[in-house]
Amino acid sequence: MARTVITLRKDGSQSVEVLDAAGPDCLRITEGYEKRAGVVLDRRLKDSYHEEPPVVVETTVEMQR
Amino acid sequence: MSHFTRIQTQIRQREGLLQALQDLHYSYQVGVNLPVRGWTGTGEKAEVVLDTGCDYDIGFVRRSEVYEAVADWDWGIERKTSIRRKSFIEQLNYRYAYNNVLAYAREENQIVDEVVVLENGDTRFVLVERA
């Protein structure tokens with residue numbers, strides 16, 4: 001069964017990784033989540049799951065003035 | 001082999017925005033072309049306007065698919081309230097994303113198998129597809 005690991009950073013950015021899913025399912029789940037979560041900063045294939053260190057990226061709610 | 005994606009959270013759904021504001025204990029107005037009071041008195045118009053407790057507002061304007069926060073931050077909000085732009089935006093994005101994960105799990109019929117707050121303050125969810 002596919003597992004989806006989503007990590008929310010304190011700045012509101014996030015990462016998502018789908019485990020235990022065959023290629024097409026993995027891509028379908030990944031893209032489904034990406035579509036509703038925000039803008040993809042980068043996506044890559046990994047050989048194995050490793051917890052990513054915290055990353056700091058700009059948030060998207062933009063400030064005016 | 002797995003896909004790994006980093007995502008910049010975007011606030012796209014008004015209901016999610018309102019829920020996040022409620023969770024953070026802000027009160028607000030919802031409407032059409034609500035004025036956002038600012039330094040020049042020529043504030044923008046917004047769909048959602050936050051009550052900051054002073055005569056300067058924080059508004060949320062929908063541009064394309066994304067809600068943006070508009071305010072007179074430097075000369076108004078940060079001088080007259082305890083709200084700080086950076087932390088406000090980060091907290092709002094975090095709360096919105098948190099609720100969004102739970103909504104995604106419900107809509108996709110997935111089990112929330114684990115929710116863990118990590119040592120660095122990040123939150124990790126593990127969702128599992130139902131058999």
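So you know, we letter chains A, B, ... as the sequences are listed, proteins then strands, and number each from 1. Values reported hereafter were calculated over all heavy atoms of this structure, with side chains retained and with hydrogens, waters and symmetry mates removed.
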Next on the checklist: With a 6.0 Å cut-off (strictly less than), is the heavy-atom count around CD of A:Glu31, excluding the residue itself, greater than 12?
Outcome noted: yes

Item to check | Gap between atom CZ of A:Arg9 and atom CG of B:Asn93 - 0.5 Å precision | outcome: 14.0 Å

Checklist entry - In the single-linkage hydrophobic clustering (I, L, V, M, F, W, Y; side-chain heavy atoms under 4.5 Å), do B:Leu17 and B:Val30 co-cluster? => result yes

Item to check | Shortest non-hydrogen separation from B:Gln10 to A:Val39 and the atoms involved | outcome: NE2-CG2, 3.1 Å

Checklist outcome for this item: With chain A, the option among B:Val126, B:Asn100, B:Val101, B:Val128 that has the most non-hydrogen atom pairs under 4.5 Å is B:Asn100

Item to check | Minimal non-hydrogen separation, A:Ser15 against B:Phe4, with atom names | outcome: CB-CZ, 3.7 Å

Next on the checklist: Run the side-chain contact (heavy atoms from CB on, under 4.5 Å) test on A:Arg3 and B:Asp113 for me, step by step, so that the C-alpha distance in whole Å, both residues' side-chain angles and the decisive distance to 0.1 Å come before the verdict.
Outcome noted: CA-CA 9 Å; A:Arg3 290 182 297 142; B:Asp113 189 49; 5.8 Å; no

Checklist entry - Any side-chain heavy atom of B:Ile7 within less than 4.5 Å of one from A:Tyr33? => result yes

Checklist entry - So which heavy atom on B:Thr5 is nearest to which on A:Arg43, and how close? => result OG1-CG, 3.2 Å

Item to check | Test item: A:Ile29 and B:Glu129 side chains (from C-beta on) under 4.5 Å apart, heavy atoms | outcome: yes

Checklist outcome for this item: CG (B:Leu127) and CG (A:Leu19) are apart, to the nearest 0.5 Å, by 11.0 Å

Checklist entry - Would you say the side-chain atoms of B:Arg12 pair up with the backbone N or O of A:Ala37, donor to acceptor, closer than 3.5 Å? => result no

Checklist entry - Under a single-linkage definition using a 4.5 Å side-chain heavy-atom cutoff for Ile, Leu, Val, Met, Phe, Trp and Tyr, are B:Tyr96 and A:Val40 assigned to the same hydrophobic cluster? => result no

Checklist entry - With only heavy atoms counted, which part of B:Glu65 is less than 4.5 Å from chain A, the side chain, the backbone, both or neither? => result neither

Next on the checklist: Under a 3.5 Å distance rule, please check whether B:Arg6 uses its side chain to pair with a backbone N or O of A:Ser13 as donor and acceptor.
Outcome noted: no

Next on the checklist: Checking the side chain of A:Lys10 only, and the main-chain atoms of B:Tyr94 only, is there a donor and an acceptor separated by less than 3.5 Å?
Outcome noted: no

Checklist entry - Which atom pair, heavy atoms only, marks the closest approach of A:Gly12 to B:Ala97? => result O-CB, 4.3 Å

Item to check | A:Ile6 with B:Ile111, same ILVMFWY side-chain cluster at under 4.5 Å | outcome: no

Checklist outcome for this item: Under 4.5 Å to a heavy atom of chain A? For B:Arg95 that would be neither

Checklist entry - Same cluster or not: are B:Leu24 and B:Phe60 linked, directly or through other Ile, Leu, Val, Met, Phe, Trp or Tyr residues, by side-chain heavy atoms under 4.5 angstrom apart? => result yes

Checklist outcome for this item: When rounded to the nearest 0.5 Å, the distance separating OG1 of A:Thr4 from CZ of B:Phe125 is 12.5 Å

Checklist entry - Is it the case that one hydrophobic cluster holds both A:Leu27 and A:Leu41, taking links as side-chain heavy atoms less than 4.5 Å apart, direct or via other members? => result no

Next on the checklist: Is B:Ala103 in contact with chain A via its backbone, its side chain, both, or neither, using a 4.5 Å heavy-atom distance?
Outcome noted: both

